[in-house]
Protein chains: 4
Amino acid sequence: MHPTSRPKRSAVRRRAETAPQRSRRAQEPNQRRKSILDAALDEFAARGFAAARLDDVARRAQVAKGTIYLYFRDKESLFQELVRSMLSPLIAAIESAATREVPVRTLCELIADTFVCEIYGTRRKDVLRLIITEGPRFPELAEFYYREVIARVLPVMRKRLNLAVSRGELRHDALARFPQLLVAPALTAIVWSGLFERFAPLDVRELMRAHLDLIFGAAS
Amino acid sequence: MHPTSRPKRSAVRRRAETAPQRSRRAQEPNQRRKSILDAALDEFAARGFAAARLDDVARRAQVAKGTIYLYFRDKESLFQELVRSMLSPLIAAIESAATREVPVRTLCELIADTFVCEIYGTRRKDVLRLIITEGPRFPELAEFYYREVIARVLPVMRKRLNLAVSRGELRHDALARFPQLLVAPALTAIVWSGLFERFAPLDVRELMRAHLDLIFGAAS
Amino acid sequence: MHPTSRPKRSAVRRRAETAPQRSRRAQEPNQRRKSILDAALDEFAARGFAAARLDDVARRAQVAKGTIYLYFRDKESLFQELVRSMLSPLIAAIESAATREVPVRTLCELIADTFVCEIYGTRRKDVLRLIITEGPRFPELAEFYYREVIARVLPVMRKRLNLAVSRGELRHDALARFPQLLVAPALTAIVWSGLFERFAPLDVRELMRAHLDLIFGAAS
Amino acid sequence: MHPTSRPKRSAVRRRAETAPQRSRRAQEPNQRRKSILDAALDEFAARGFAAARLDDVARRAQVAKGTIYLYFRDKESLFQELVRSMLSPLIAAIESAATREVPVRTLCELIADTFVCEIYGTRRKDVLRLIITEGPRFPELAEFYYREVIARVLPVMRKRLNLAVSRGELRHDALARFPQLLVAPALTAIVWSGLFERFAPLDVRELMRAHLDLIFGAAS
DNA sequence: TATGAATGAGGATTCATTCAT
DNA sequence: CATGAATGAATCCTCATTCAT
């Protein structure tokens, strides 16, 4: 049995024929879609794509199972649209941040802060973790993420970091050559929290600060 | 077979006489177990735990479906034992490496090299990726990894890094406070390779080298 | 379906367009439940619990395999609910019969008639046979039967029989001490019919009558 | 899951290559056969035919699984031969008893005593219970029992009882017409013990005595 | 003969998806 | 649009039976 075991639902079907007409059309279509996505995030995050059940998503979203199919073609579409919709607002934010005209250290601090506040402290952390855990079996998703996030941010960062190197803001070009090193701790924090939170919680803010110290020297 | 009225199974079961007498008992038991684990790694790595089919594992291992159950209690056991068996030899190696009496930079280079050659270049990379992707739904697995790897290595590294700080080998205590920062690029490389290899392969050796440059300053 | 490389299930699944549109939602839920129980009784009676296949139950009930699980948690639940639901109406009947204010011989004749008409001549015979044959491996079932039937009827009968003894309606207290003796022939008939009907059918009505003769003396 | 649940066996195969050559050929072939039958009775009695596992039979009999197939064609043969071999000695005994030249009450007491001591108090009770519980799905077995036991004993008993009626030893011919009534309490005791022993143990000796009282009047 | 590892058909159960209402 | 009962393909796991040793 899969380890994160789920309580067996009773098979008894109560078919109250007089059931009080529960709020059909109570919500806007958009609101419905939203609540399905919300529920989906909870379920996918808790169980992973394969083990999540649309039944549970529907229950959590307070809609019928069939309703999900009015908004999403199938389970996979739901998953992909979920990830995409959560990512979109982030992408703009990251992109604009990356082009700020500030010292590189400030920029990196900004990025770190954004990560801590806007991602790690929110459900977006779950979305990123889903990309990490499910991405390998969802080539399309990985591609989407690469195209929309990585491919946009990486060159900008690389350029900015190269500039910093040439200006002497950075001691060497390691970061410019591998901007991945800049976000590695963020990724590590997400993975760590999913695996070891119970045993050894991580102070992410401090982790990010330490990382910046490592790169730029201790904060003044 | 139960007697009443259903066709005798034995009549159905008799193997086609022309079947190519495929090697029963061809290998020793340990070899069988090994080939099952091998096949399992392939399947789990390719599809993830939930989507992998024991049928495919059996086919790949050239054994019958039932044979798997002679060696492993169930799918989950197979998965867990797979991870554990692949990790065990690594644990000793890491531990001994961590206690080497060498300058801290040398130690870190050693670790990086070991990662590149012994993990990233081998199937062990897949095992680590499985821990990352499946760990969140396998608390036992996460705990095993924490207990056997993290909990052993982290304190040793922390002590060693603190010593380095006090000796002036390191400019500041960021790494000592968060040894996770030391391995973050390795983790990042594993995640990256699972998601973006197709779009942008990563030169891990260079990545690790750059990371060390970042920490210790450019190599002389 | 999991995305990677396996053929999309949906492609496989699309029902043949020429399939004879067989009555979905044709019956009301209670009718469905009933037809599943009906089919289950047939199958369990014919093969026993272990050898009965839910596949056959579904086919016989004209529902899909999965439908069974909408109404019953699992095979065992189906079996137990089957027995319980068939027994319930009987329990009330027996109880009310046992408390009738009539001469003890009349009472016993009434019980015998009820057995012959309401049990032996109906599918309830199969239910009782199932209790006999499967009860030893279904402690819960045996307990249910003991609690709901035996424990209710036995004391009442014992009291009534003792009264009959004290009134001189019975020649001795054998029956009062072991009311089981009163129903032993009924049980025997059920067992006999399951084993030897083919070789030597039993005239149950006569058997019961003979039994009463044995107890009370030949009928006048 | 079947209710009489079985502890999951560990899937770990310990293949001690140096295992101490355990008593091959330690026993006579007949002894082996006997110990297999013994073990089979235990397992079939405990779980029923379908749920009993030859694995367990083999373990209990201290032989290898394959060895069973040297002595019995298949599971069903084992079961049938088990029942037959346990029944054979009984048949002769019953037959000779039935032809004894004693008063009919004495004869019935003898039969009752034999039942209590030779069947109910021994493993033969389990055999009879197996006939009752498994017979319906084993037409051959039911036929065997009918042919070897019922068809031999019933006519003899009927004749003897008719004689008793004509001699005035019996008040009426109920028993002669339905000799089943004579054994009904024995059968009831076997069924009862399998189902309700836990809740209400039955004093079989007293039950049989009471039954005889019922038939012949209270003992002098 | 005896062994027990290997086999693979069989069957219970799950759950994404459909569609009559 | 919304519902949720119904569907049935998919897959895990069991265990009677075989056969190389």
Side-chain angles (χ1 to χ4, degrees), chain A residues 1 11 13 15 22-26 29 32 50-56 58 63-71 73-76 78, chain B residues 1 6 9-10 12-15 21-27 29 32 50-56 58 63-71 73-76, chain C residues 1 6 9-10 12-15 21-26 29 32 50-56 58 63-71 73-76, chain D residues 1 13 15 22-26 29 32 50-56 58 63-71 73-76 78:
Chain A
M1 222 201 50
R13 300 283 134 170
R15 251 155 292 90
R22 202 163 22 83
S23 62
R24 282 191 179 210
R25 304 299 311 270
R32 291 218 135 192
R53 299 201 285 99
L54 291 191
D55 241 341
D56 291 334
V63 300
K65 208 165 11 149
T67 304
I68 295 174
Y69 288 84
L70 297 175
Y71 293 91
R73 183 149 39 86
D74 55 17
K75 191 184 182 186
E76 195 184 324
L78 170 58
Chain B
M1 254 291 304
R6 213 135 355 119
R9 198 191 297 175
S10 48
V12 174
R13 279 204 181 179
R14 233 167 277 296
R15 213 149 343 125
Q21 193 70 13
R22 206 165 19 88
S23 62
R24 279 183 172 231
R25 297 300 298 277
Q27 323 166 63
R32 284 222 138 191
R53 295 180 312 182
L54 291 192
D55 234 352
D56 291 335
V63 300
K65 228 180 321 170
T67 304
I68 295 174
Y69 291 87
L70 295 177
Y71 294 90
R73 188 202 310 286
D74 55 16
K75 191 183 180 185
E76 194 186 324
Chain C
M1 254 292 303
R6 218 143 342 127
R9 199 193 294 176
S10 47
V12 174
R13 278 206 184 177
R14 235 167 277 292
R15 215 149 340 124
Q21 193 70 13
R22 210 168 12 90
S23 62
R24 277 182 174 231
R25 294 303 296 279
R32 282 219 140 195
R53 296 178 313 181
L54 290 192
D55 234 353
D56 291 335
V63 300
K65 228 180 321 171
T67 305
I68 295 175
Y69 290 86
L70 295 178
Y71 294 90
R73 189 201 308 288
D74 56 17
K75 192 184 180 183
E76 194 187 324
Chain D
M1 222 199 53
R13 301 283 133 169
R15 252 157 291 91
R22 202 163 23 83
S23 64
R24 281 191 181 210
R25 300 301 308 271
R32 289 216 137 194
R53 299 202 282 99
L54 291 190
D55 240 341
D56 291 334
V63 302
K65 206 163 15 146
T67 304
I68 295 175
Y69 286 84
L70 297 176
Y71 293 90
R73 182 149 41 86
D74 54 18
K75 192 186 181 185
E76 196 185 323
L78 170 58

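Everything numeric here is computed off the predicted structure, so don't read it as measured data.
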Within this structure, what is the [atom1]-to-[atom2] distance between [X] and [N], rounded to whole angstrom?
X       : N      : atom1 : atom2 : answer
C:Arg53 : F:dT14 : CZ    : C1'   : 16 Å
A:Leu70 : E:dT17 : CG    : P     : 14 Å
A:Leu78 : E:dA16 : CG    : C1'   : 12 Å
A:Asp55 : E:dT18 : CG    : C1'   : 14 Å
A:Asp56 : E:dT14 : CG    : P     : 13 Å
D:Tyr71 : F:dA16 : OH    : P     : 20 Å
A:Arg73 : E:dT17 : CZ    : P     : 10 Å
C:Ile68 : F:dG8  : CD1   : P     : 13 Å

- Query: Looking at D:Asp74 and D:Tyr69, what are the two nearest heavy atoms and their distance?
  - Reply: CA-CE2, 4.0 Å
- Between B:Ala50 and A:Ala50, what is the shortest heavy-atom contact and its length?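 Minimum heavy-atom separation between B:Ala50 and A:Ala50: CB-CB, 3.4 Å.
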- Query: Mind checking who E:dT21 pairs with, Watson-Crick or G-U wobble, both distances under 3.5 Å?
  - Reply: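 Per the H-bond distance test, F:dA2.
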- Task: Could you let me know what F:dT7 is paired to, Watson-Crick or G-U wobble, both distances under 3.5 Å, or none if it's on its own?
- Result: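 By the stated definition (distances under 3.5 Å), E:dA16 pairs with F:dT7.
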- Task: On DNA chain E, check which nucleotide each of B:Thr67 and C:Thr67 is closest to and give me the residue with the more 5' one.
- Result: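 Taking each residue's closest nucleotide, the earlier one in sequence belongs to B:Thr67.
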- Message: Within the 4.0 Å heavy-atom criterion, would you say C:Lys65 contacts the bases, only the backbone, or no part of the nucleic acid?
- Response: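 Answer is base: heavy atoms of C:Lys65 come under 4.0 Å of a base.
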- Under 4.0 Å between any heavy atoms, over every strand shown, what does B:Leu54 touch: base, sugar-phosphate, or nothing? Just pick one. sugar-phosphate
- Would you say F:dA6 has OP1 or OP2 under 4.0 Å from some side-chain N or O of C:Arg32?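 Indeed, a polar side-chain atom of C:Arg32 lies that close.
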- Message: Please report the interatomic distance CZ(B:Arg73) to CD1(B:Ile68), rounded to the nearest 0.5 Å.
- Response: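 These two atoms lie 15.5 Å from each other.
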- Which value, rounded to the nearest 0.5 Å, describes the distance between D:Lys65 atom NZ and D:Asp55 atom CG? 4.0 Å
- Hey, are the side chains of C:Val63 and C:Leu70 touching, using non-hydrogen atoms and a 4.5 Å cut-off? no
- Task: Starting from the 5' end of DNA chain F, give me the residue, C:Ala64 or D:Tyr69, whose nearest nucleotide shows up first.
- Result: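 First, find each residue's nearest nucleotide; the 5'-ward one identifies C:Ala64.
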